[in-house]
Amino acid sequence: MEKLFKIFIYKEGEVPLFHNGPCKSIYSIEGVFFSLMERDTHFRTLDPDQAHIYFLPFSVVMIIHHLFDPIVRDKDVMKHVVADYVKVISQKYRYWNRSLGADHFMLSCHDWGPRATWYVPQLYYNSIRALCNANTSEHFNPRKDASIPEINLITGETTGLTGGLPLSKRTILAFFAGRLHGRIRPALLHHWKEKDELVQVYETLPEGLSYPDLMKKSKYCICPSGHEVASPRIVEAIYAECVPVLISQHYVLPFSDVLDWGSFSVQVSVDEIPNLKKTLLGIPQDRYIRMQKRVKLVQRHFVVNNPPKRFDVFHMIIHSIWLRRLNVAV
């Protein structure tokens with residue numbers, strides 16, 4: 001892949017809706033990828049005839065931020081932008097029509113990322129969609145679509161985010177703090193909200209407690225889905241060297257083509273939430289130590305580097321796209 005794979009970015013489209021994205025929010029991976037890809041000299045080619053795949057550089061986050069009226073709530077703004085863009089590049093270049101969009105990809109971390117592709121059937125059914133909201137119940141297709149991690153870069157800073165306490169100082173069995181939304185969190189908070197010293201679950205952290213510090217003090221970090229399947233807590237747990245406890249439904253985990261999530265995380269069904277403490281206490285210490293060591297090993301695959309480094313999140317996303325491009329004959 002590193003020697004051969006070439007990506008062409010269509011130059012059409014203007015900032016802020018195109019070639020641009022957020023870098024200081026829960027959707028940061030969208031802006032980070034756009035920024036790194038636009039400046040890349042390794043995978044990017046300026047010659048479309050040399051490319052193996054073509055990037056559609058529209059940002060769902062920026063379309064919604066600039067064009068969506070929260071009062072009118074007309075989602076057709078995405079339809080107009082995305083459909084018009086595909087029409088422009090399909091008329092100006094031969095590549096879209098040659099493959100019916102199969103050797104093209106889009107990337108979005110917004111909850112409505114999948115919705116943005118509904119309006120162009122070839123984009124929806126044929127193109128590679130790199131999405132944080134990788135929900136198979138909403139027609140995410142892991143054979144052609146790529147799941148990418150949700151990373152919340154609150155300040156835009158990408159350094160100094162990793163590291164945790166040694167095992168001897170991880171005195172909390174499991175930790176979660178977050179708002180009540182979606183179908184899974186109500187069950188979690190109903191059974192565990194501020195009821196146990198070992199399983200510390202909060203809707204709002206009490207004054208004086210630090211969210212990052214509590215993650216670093218915990219053996220396990222609970223990562224339930226909210227409104228959508230993806231959660232930035234998964235990457236936050238990995239950064240804090242805390243074993244993720246995944247509670248979700250229909251979620252295709254990021255980079256699961258190459259990462260064995262069962263070796264460094266615990267997956268718990270919604271029905272098992274009442275027995276969460278018993279489940280975690282029942283994990284032998286030697287197995288926990290192995291999982292925690294593997295969390296440290298996979299951490300580099302979720303780290304944002306500027307400039308990118310081999311095996312980091314930028315390269316992992318490229319690799320996921322490359323694997324799906326291999327399935328396309330043009």
Side-chain angles (χ1 to χ4, degrees), residues 6-101 103-124 126-133 146 148 151 153 156 158 304 306-308 314 317-318 321:
K6 294 299 178 184
I7 301 169
F8 178 76
I9 306 174
Y10 288 110
K11 64 178 182 296
E12 286 67 26
E14 296 181 1
V15 172
L17 306 186
F18 299 87
H19 305 279
N20 177 53
C23 293
K24 297 181 181 180
S25 78
I26 196 172
Y27 308 123
S28 293
I29 196 64
E30 192 169 309
V32 165
F33 185 84
F34 278 48
S35 175
L36 296 178
M37 193 71 248
E38 293 277 352
R39 291 183 283 117
D40 180 72
T41 57
H42 185 92
F43 296 106
R44 185 181 181 185
T45 178
L46 300 179
D47 181 356
D49 288 327
Q50 298 298 316
H52 302 97
I53 199 163
Y54 304 84
F55 181 37
L56 305 170
F58 61 84
S59 168
V60 176
V61 175
M62 302 308 282
I63 293 170
I64 292 170
H65 178 73
H66 290 281
L67 301 182
F68 182 71
D69 188 322
I71 298 177
V72 177
R73 298 189 65 79
D74 180 10
K75 297 183 179 69
D76 275 356
V77 295
M78 286 194 294
K79 174 182 178 180
H80 299 315
V81 174
V82 176
D84 287 353
Y85 190 76
V86 172
K87 183 178 179 181
V88 167
I89 61 103
S90 65
Q91 291 178 344
K92 186 172 182 178
Y93 301 88
R94 63 188 176 89
Y95 310 104
W96 179 273
N97 295 325
R98 180 183 65 181
S99 68
L100 300 179
D103 56 353
H104 288 62
F105 78 98
M106 57 80 70
L107 180 143
S108 176
C109 207
H110 196 279
D111 296 349
W112 291 356
R115 177 186 289 272
T117 68
W118 293 358
Y119 310 108
V120 182
Q122 291 173 345
L123 177 60
Y124 183 74
N126 299 344
S127 299
I128 297 168
R129 302 180 302 164
L131 301 169
C132 289
N133 187 14
I148 61 175
I151 302 177
L153 299 175
T158 60
V304 176
N306 188 9
F314 177 76
I317 292 172
I318 295 291
I321 294 166

For the aromatic rings, using the six-membered ring if either is Trp, is the centroid distance between Y93 and Y54 under 6.0 Å? no

With heavy-atom distances below 4.5 Å as the criterion, would you say the side chains of I321 and I7 are in contact? no

Residue pair Y10, W96: steps toward the ring-ring contact (aromatic ring centres under 6.0 Å, His included) verdict: CA-CA 11 Å; Y10 288 110; W96 179 273; 8.4 Å; no

For the residue pair K79 and W118, establish whether any side-chain heavy-atom pair is separated by less than 4.5 Å. no

Would you call K6 and D47 a salt bridge, taking side-chain N to carboxylate O under 4.0 Å as the test? no

With a 4.5 Å cut-off on side-chain heavy atoms, are V86 and Y119 touching? no

Scan F8, F33, Y95 and name whichever one has a ring-ring contact (aromatic ring centres under 6.0 Å, His included) with F55. F33

Going by salt bridge (charged side-chain N to carboxylate O under 4.0 Å, His left out), name the residues that satisfy it together with D111, two or more places apart in sequence or in a different chain. none

Any heavy-atom pair between the side chains of D103 and R98 that's under 4.5 Å? yes

Indicate whether any N or O donor in one side chain lies under 3.5 Å from an N or O acceptor in the other, for S127 and Q122. no

If we count only N and O atoms by modelled type, under 3.5 Å, do the side chains of E30 and H110 hold a donor and an acceptor together? no

Short side-chain to backbone donor-acceptor contact, H19 and K11, under 3.5 Å: yes

What I'd like to find out is whether the side chain of L107 reaches to under 4.5 Å of the side chain of I317, using heavy atoms alone. yes

